[in-house]
**Student:** 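Below you will find the structure I want to go over with you.
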Amino acid sequence: MYPASTTKILTAYVCVKYANLDDKVTVSENACNQTKDSSVCGLKPGDRISYRDLLYGLLLRSGNDAAIAIAEGMYGSVEEFAKVMNKEAVLCGATHSHFVNSNGLHNENHYTTVYDMYLLFEKALDNKIIYDIVTTTDYDVAYTDANGNPVQQKWYNTNLYLTNQVRIPNGVTILGGKTGTTNPAGYCLVLLSRNTSNQEIISIVFNADSRNNLYYLMNQILETFAN
């Protein structure tokens, strides 16, 4: 199945594993060259921002510009970064997946399975930095533009559970997760929650036909299997 922006779970994992998160990245024209309907952080060419802050833009705001900035900053190109993504996916046991970019924009050769994504998310959550970011509701970021002037933004999580925009089933505490949407992938959500027995649960919906049905299906999973 196509993972859309849930891809960014693996992008974040590679970044945390191999980058010095306090190093700064200069954002390229290419990273900012996103379509009008693309999910972005609002970065501009020449911005100087740390990998740590880019991770918040990647996982909270689901910024495609942040995903490209991370890939180019670490390995010079998205193509080289994707090679590392695929190696790490195999090491996590996700052997039925293939990734060609860091943001999850549609490509026929960019795919995964629900079980593979479960394995990738479980591995990523072992890292406290990723765990803390995906369970954060909003983040105040400060960086500098191409002229060295300060820039401030507030990024909000795209997970509607965390922003109290959808109903949460009784007995379930939503901790966090990662959304994703493209036309071929549909509406996707990789979710971390906790039940009344204090068990942490990963649940995944791919290819829902609308945002409302995405959360409806996820609630069905949580109500049926979580407790």
Side-chain angles (χ1 to χ4, degrees), residues 3-35 38-92 94 97-107 109-110 120-121 123-134 136 139-158 178-180:
S5 284
T6 63
T7 297
K8 291 164 183 163
I9 292 166
L10 180 56
T11 301
Y13 177 72
V14 171
C15 181
V16 169
K17 187 170 182 178
Y18 293 110
N20 180 339
L21 299 188
D22 294 320
D23 283 353
K24 297 286 181 69
V25 179
T26 300
V27 180
S28 71
E29 290 265 4
N30 181 55
C32 300
N33 186 24
Q34 303 291 328
T35 58
S38 184
S39 177
V40 295
C41 294
L43 300 174
K44 300 288 191 293
D47 284 348
R48 292 277 294 165
I49 184 170
S50 70
Y51 285 110
R52 190 179 305 274
D53 286 336
L54 283 171
L55 283 170
Y56 279 91
L58 180 80
L59 293 174
L60 256 67
R61 186 64 192 86
S62 199
N64 292 328
D65 45 359
I68 302 300
I70 288 170
E72 291 180 340
M74 289 182 65
Y75 294 107
S77 70
V78 172
E79 291 75 19
E80 289 302 310
F81 187 86
K83 291 178 183 177
V84 182
M85 293 175 72
N86 286 313
K87 288 177 184 175
E88 291 300 320
V90 171
L91 290 174
C92 292
S97 300
H98 187 260
F99 301 92
V100 299
N101 60 53
S102 56
N103 53 22
L105 289 181
H106 182 67
N107 185 296
N109 293 316
H110 188 101
L120 295 173
F121 193 43
K123 187 68 173 179
L125 290 173
D126 285 342
N127 186 283
K128 186 178 185 303
I129 294 167
I130 294 176
Y131 187 102
D132 288 348
I133 294 174
V134 298
T136 297
Y139 181 69
D140 292 302
V141 63
Y143 54 95
T144 56
D145 66 14
N147 298 315
N149 299 314
V151 180
Q152 292 183 320
Q153 288 199 68
K154 193 178 192 78
W155 289 327
Y156 293 93
N157 203 310
T158 57
K178 185 71 197 77
T179 60

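Side chains included, hydrogens not; waters and symmetry mates left out as well; all remaining heavy atoms used.
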**Student:** Who are the side chain to side chain contact (heavy atoms under 4.5 Å, CB included) partners of D126, not counting sequence neighbours?
**Tutor:** K123
**Student:** Closest heavy-atom contact between A4 and G180?
**Tutor:** CB-C, 3.7 Å
**Student:** Which heavy atom of I68 sits nearest to which heavy atom of Q34, and what is that distance?
**Tutor:** CG1-NE2, 3.8 Å
**Student:** Would a 4.5 Å heavy-atom cut-off, applied to side chains only, mark Q153 and D140 as touching?
**Tutor:** no
**Student:** Measure the CG-OH distance between L21 and Y51 for me, rounded to the nearest 0.5 Å.
**Tutor:** 9.5 Å
**Student:** Tell me whether N64 contacts the main-chain N or O of V40 through its side chain, where contact means a donor paired with an acceptor under 3.5 Å.
**Tutor:** no
**Student:** C15 and M74: which non-hydrogen atoms are nearest, and at how many Å?
**Tutor:** CA-SD, 3.7 Å
**Student:** At their closest point, which heavy atom of L58 faces which heavy atom of A66, and how far apart are they?
**Tutor:** N-CB, 4.0 Å
**Student:** For F99 and A89, work out which heavy atoms get closest and say how close.
**Tutor:** CE1-CB, 4.1 Å
**Student:** Can you tell me how far CD of E79 sits from CG of N101, rounded to the nearest 0.5 angstrom?
**Tutor:** 9.0 Å
**Student:** Donor-acceptor pair, distance only, cut-off 3.5 Å: does the side chain of N86 make one with the backbone of H98?
**Tutor:** no
**Student:** If you measure from CG on L10 to CG on L120, what distance do you get to the nearest 0.5 Å?
**Tutor:** 5.5 Å
**Student:** Not counting sequence neighbours, which residues clear side chain to side chain contact (heavy atoms under 4.5 Å, CB included) with D132? List them please.
**Tutor:** K128
**Student:** Could you tell me whether the side chains of R48 and T144 share a donor-acceptor contact shorter than 3.5 Å?
**Tutor:** no
**Student:** List the atom of D47, the atom of Y143, and the distance in Å for their closest heavy-atom pair.
**Tutor:** OD2-CE1, 3.4 Å
**Student:** Quick one: are F81 and V14 in side-chain contact, heavy atoms under 4.5 Å?
**Tutor:** yes
**Student:** Rounded to the nearest 0.5 Å, what's the gap from CG on L105 to OG1 on T35? Could you check?
**Tutor:** 7.0 Å
**Student:** Could you verify whether a donor N or O on one side chain and an acceptor N or O on the other, from S5 and K178, lie under 3.5 Å apart?
**Tutor:** no
**Student:** Taking only Lys NZ, Arg NE, NH1 and NH2, and the carboxylate oxygens of Asp or Glu, determine whether D145 and K44 approach each other closer than 4.0 Å.
**Tutor:** no
**Student:** If you measure from OG1 on T6 to CZ on F121, what distance do you get to the nearest 0.5 Å?
**Tutor:** 10.0 Å
**Student:** Within the structure provided, determine whether V27 and D65 are in side-chain contact (heavy-atom separation under 4.5 Å).
**Tutor:** no
**Student:** Under 4.5 Å between any side-chain heavy atoms of V141 and W155, yes or no?
**Tutor:** yes
**Student:** Holding to side chain to side chain contact (heavy atoms under 4.5 Å, CB included), I want the full list of residues that pass it with N107, two or more places apart in sequence or in another chain.
**Tutor:** V100, N109, H110
**Student:** Are V134 and I9 close enough, and set up right, to give a side chain to side chain contact (heavy atoms under 4.5 Å, CB included), and what steps lead you there?
**Tutor:** CA-CA 9 Å; V134 298; I9 292 166; 6.0 Å; no
**Student:** Side chain of T7, backbone of N103: donor and acceptor closer than 3.5 Å?
**Tutor:** no
**Student:** Does the pair Y139 and D53 meet the rule for a side-chain hydrogen bond (donor to acceptor under 3.5 Å, both in side chains), with working shown?
**Tutor:** CA-CA 9 Å; Y139 181 69; D53 286 336; 2.5 Å; yes
**Student:** Any heavy-atom pair between the side chains of Y56 and C41 that's under 4.5 Å?
**Tutor:** no
**Student:** Does a donor on one side chain and an acceptor on the other come within less than 3.5 Å for E72 and N30?
**Tutor:** yes
**Student:** Quick one: does any side-chain atom of N147 pair with a main-chain N or O of N149 as donor and acceptor, under 3.5 Å?
**Tutor:** no
**Student:** How long is the span from the CG atom in L59 to the OG1 atom in T11, to the nearest 0.5 Å?
**Tutor:** 8.5 Å
**Student:** Taking S62's backbone N and O only, do any of them form a donor-acceptor pair with S39's side chain (distance below 3.5 Å, no angle check)?
**Tutor:** yes
**Student:** Ignoring hydrogens and angles, state whether a donor on the side chain of E88 or Y18 is under 3.5 Å from an acceptor on the partner side chain.
**Tutor:** yes
**Student:** Should I49 and L43 count as side-chain neighbours, where that means a heavy-atom distance under 4.5 Å?
**Tutor:** yes
**Student:** Does V84 form a side chain to side chain contact (heavy atoms under 4.5 Å, CB included) with Y75? I'd like the steps, not just the answer.
**Tutor:** CA-CA 9 Å; V84 182; Y75 294 107; 3.8 Å; yes
**Student:** Any non-hydrogen side-chain atom of V25 less than 4.5 Å from a side-chain atom of L54?
**Tutor:** yes
**Student:** With a sphere of 6.0 Å drawn around NZ of K17, does it hold more than 12 non-hydrogen atoms of other residues, nucleotides or ligands?
**Tutor:** yes
